[in-house]
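First comes the structure, then the notes that go with it.
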Amino acid sequence: MRRAVCPGSYDPATNGHLDVIERAAHLFDEVVVAVLINKSKRGMFTIDERMELLQESTAKLPNVRVDSWHGLLTDYCKEQGIQSIVKGLRSVSDFDYELQMAQMNREISGVETLLMSNNPAYSFLSSSLVKEVATYGGDVTGMVPPAVHDRLLARIAEND
C-alpha cells in the first residue's frame, strides 16, 4: 500500500493546504495529515481543534486521516510505515528550505519527499497571513474551508 504524510502546523488549514492534500489523495492509497506539535509556539487553535477542523475539511476524502506528532517526522514515518512525505511549494524560497529538509530526511531515514507545486490560485496563502487579515476584519472567504472560516472568525471575536 502506498502511504504518504502531509505534515504541517495547520494553524489554521487553508485552501492551499487542502489542495495539496486532495492531490496527494489521488496519488496514494492513504494520506495522513499530520499536525506537527511545536511546544515553543503558541497557536491560535489547539492541536485538538486543528485536528477536528482538518477532519471536517477532509471528510469527503475517504483515504485521508488526521493525526498529530511531536518529534522527528521521519520517526513518525517509520512508526507508521509511511514511505513518502508530500509538501506543497508556493515559491522559490519554499523550495530552498524544503529541498534541504527533503535531503536531510532521506539521509537519516530513506523516506522520500515529494515537493508539489501549489495551485497558483493559492500561491499567496499562508496560515499567518490569513490570521492577520482576518484579525483586521479582512474577508478571508475562499481562502480557508468553511468550517475553518467560521471557527477563525469566532476565535478572533473571543480574543477581542
Side-chain angles (χ1 to χ4, degrees), residues 1-90 94 98 101 105 111 113-114 116 118-119 121-160:
M1 181 154 90
R2 295 170 304 150
R3 303 176 73 219
V5 62
C6 289
S9 60
Y10 301 107
D11 187 39
T14 68
N15 286 340
H17 291 128
L18 288 183
D19 175 60
V20 171
I21 293 165
E22 288 180 25
R23 290 165 52 207
H26 292 292
L27 299 173
F28 293 90
D29 299 313
E30 181 182 45
V31 173
V32 179
V33 180
V35 179
L36 301 182
I37 301 167
N38 183 342
K39 296 193 188 246
S40 67
K41 289 186 177 179
R42 186 178 178 278
M44 179 175 274
F45 295 99
T46 68
I47 299 302
D48 289 339
E49 288 171 327
R50 294 178 216 178
M51 290 177 63
E52 180 183 319
L53 289 168
L54 282 162
Q55 287 164 345
E56 288 177 41
S57 300
T58 61
K60 68 180 182 184
L61 302 168
N63 63 329
V64 172
R65 70 179 175 89
V66 178
D67 201 359
S68 65
W69 180 255
H70 178 269
L72 288 176
L73 182 60
T74 54
D75 290 342
Y76 180 81
C77 291
K78 184 176 181 179
E79 182 180 292
Q80 298 290 316
I82 294 173
Q83 305 88 5
S84 303
I85 300 167
V86 176
K87 292 192 167 190
L89 297 175
R90 294 172 296 187
D94 283 353
E98 296 298 348
M101 290 290 292
N105 288 338
V111 174
T113 301
L114 285 80
M116 185 179 290
N118 280 23
N119 179 330
Y122 305 124
S123 63
F124 64 93
L125 283 180
S126 72
S127 297
S128 299
L129 190 55
V130 166
K131 287 186 289 193
E132 184 174 352
V133 169
T135 298
Y136 287 105
D139 184 10
V140 295
T141 304
M143 297 179 196
V144 294
V148 171
H149 185 269
D150 296 343
R151 294 279 290 277
L152 177 62
L153 296 183
R155 181 59 45 90
I156 290 168
E158 288 171 14
N159 293 334
D160 280 347

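Values below: every heavy atom of this structure, side chains too, minus hydrogens, waters and symmetry copies.
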Which pair of heavy atoms, one from Asn15 and one from Gly142, lies closest together, and at what distance? ND2-O, 2.7 Å
Nearest heavy atoms of Met44 and Leu152, plus distance in Å: SD-CD1, 3.4 Å
Please report the C-alpha distance between Asn38 and Ser9 in whole Å, then the side-chain angles of each, then the deciding distance to 0.1 Å, and finally whether the side-chain contact (heavy atoms from CB on, under 4.5 Å) criterion is met. CA-CA 8 Å; Asn38 183 342; Ser9 60; over 6 Å; no
Side chains of Asn118 and Leu125: does their closest heavy-atom pair fall under 4.5 Å? no
Gap between atom CG of Leu18 and atom SG of Cys6 - 0.5 Å precision: 10.5 Å
To the nearest 0.5 angstrom, please state how far the CG atom of Leu54 sits from the CG atom of Asp67. 11.5 Å
If the condition is side chain to side chain contact (heavy atoms under 4.5 Å, CB included), which residues does Lys39 pass it with, not counting sequence neighbours? Ile37, His70
Listed pairs under 3.5 Å, donor-acceptor, residues 26-34 side chains, sequence neighbours left out:
| unit_1 | atom_1 | unit_2 | atom_2 | d |
| --- | --- | --- | --- | --- |
| Asp29 | OD2 | Arg2 | N | 2.8 |
| Glu30 | OE1 | Arg3 | NE | 2.6 |
| Glu30 | OE1 | Arg3 | NH2 | 2.7 |
| Glu30 | OE2 | Arg65 | NE | 3.0 |

Taking Leu129's backbone N and O only, do any of them form a donor-acceptor pair with Ser126's side chain (distance below 3.5 Å, no angle check)? yes
List for me each residue that meets ring-ring contact (aromatic ring centres under 6.0 Å, His included) alongside Tyr76, sequence neighbours excluded, and say none if there are none. Trp69
Lys87 side-chain N/O to Asp94 backbone N/O, donor-acceptor pair under 3.5 Å: no
Run the salt bridge (charged side-chain N to carboxylate O under 4.0 Å, His left out) test against Arg151 and tell me which residues pass, sequence neighbours left out. Glu49, Glu52
What ring pair (Phe, Tyr, Trp, His ring centres under 6.0 Å) pairs are there with at least one residue in residues 121-160, not counting sequence neighbours? none
Please report the interatomic distance CG(Asp11) to CZ(Arg42), rounded to the nearest 0.5 Å. 10.0 Å
Test Val111 against every option in Leu73, Ile82, Ile85 by the side-chain contact (heavy atoms from CB on, under 4.5 Å) rule and name the one that passes. Ile85
Search all heavy atoms of Val140 against all heavy atoms of Val133 and return the closest pair with its distance. CG1-CG1, 3.8 Å
Please name the pair of heavy atoms, one in Val64 and one in Ala25, separated by the smallest distance, quoted to 0.1 Å. CG2-CB, 3.8 Å
Minimum heavy-atom separation for Ala13 and Val144, please, with both atom names. O-CG1, 3.6 Å
Identify the heavy atoms of Val148 and Pro12 that sit nearest to each other, and give their distance. CG1-CB, 3.5 Å
With Glu56, which residues qualify under salt bridge (charged side-chain N to carboxylate O under 4.0 Å, His left out), at least two apart? none
Taking the side chain as every heavy atom from C-beta outward, state whether Met116 and Asp19 have any atom pair closer than 4.5 Å. no
Check: Asp48/Thr46 side-chain N/O donor and acceptor closer than 3.5 Å: no
Is it true that a side-chain atom of Ser123 and a backbone atom of Arg90 form a donor plus acceptor pair closer than 3.5 Å? no
Can you tell if the side chain of Thr113 reaches within under 4.5 Å of the side chain of Glu98, non-hydrogen atoms only? no
Apply side-chain contact (heavy atoms from CB on, under 4.5 Å) to Arg155 and Asn159, showing your working. CA-CA 6 Å; Arg155 181 59 45 90; Asn159 293 334; 3.9 Å; yes
Could you give the distance from CE (Met1) to CG (Asn63), rounded to the nearest 0.5 Å? 9.5 Å
Counting N and O atoms only, with roles assigned by atom type, does the side chain of Arg50 sit under 3.5 Å from a partner on the main chain of Phe45, one being a donor and the other an acceptor? yes
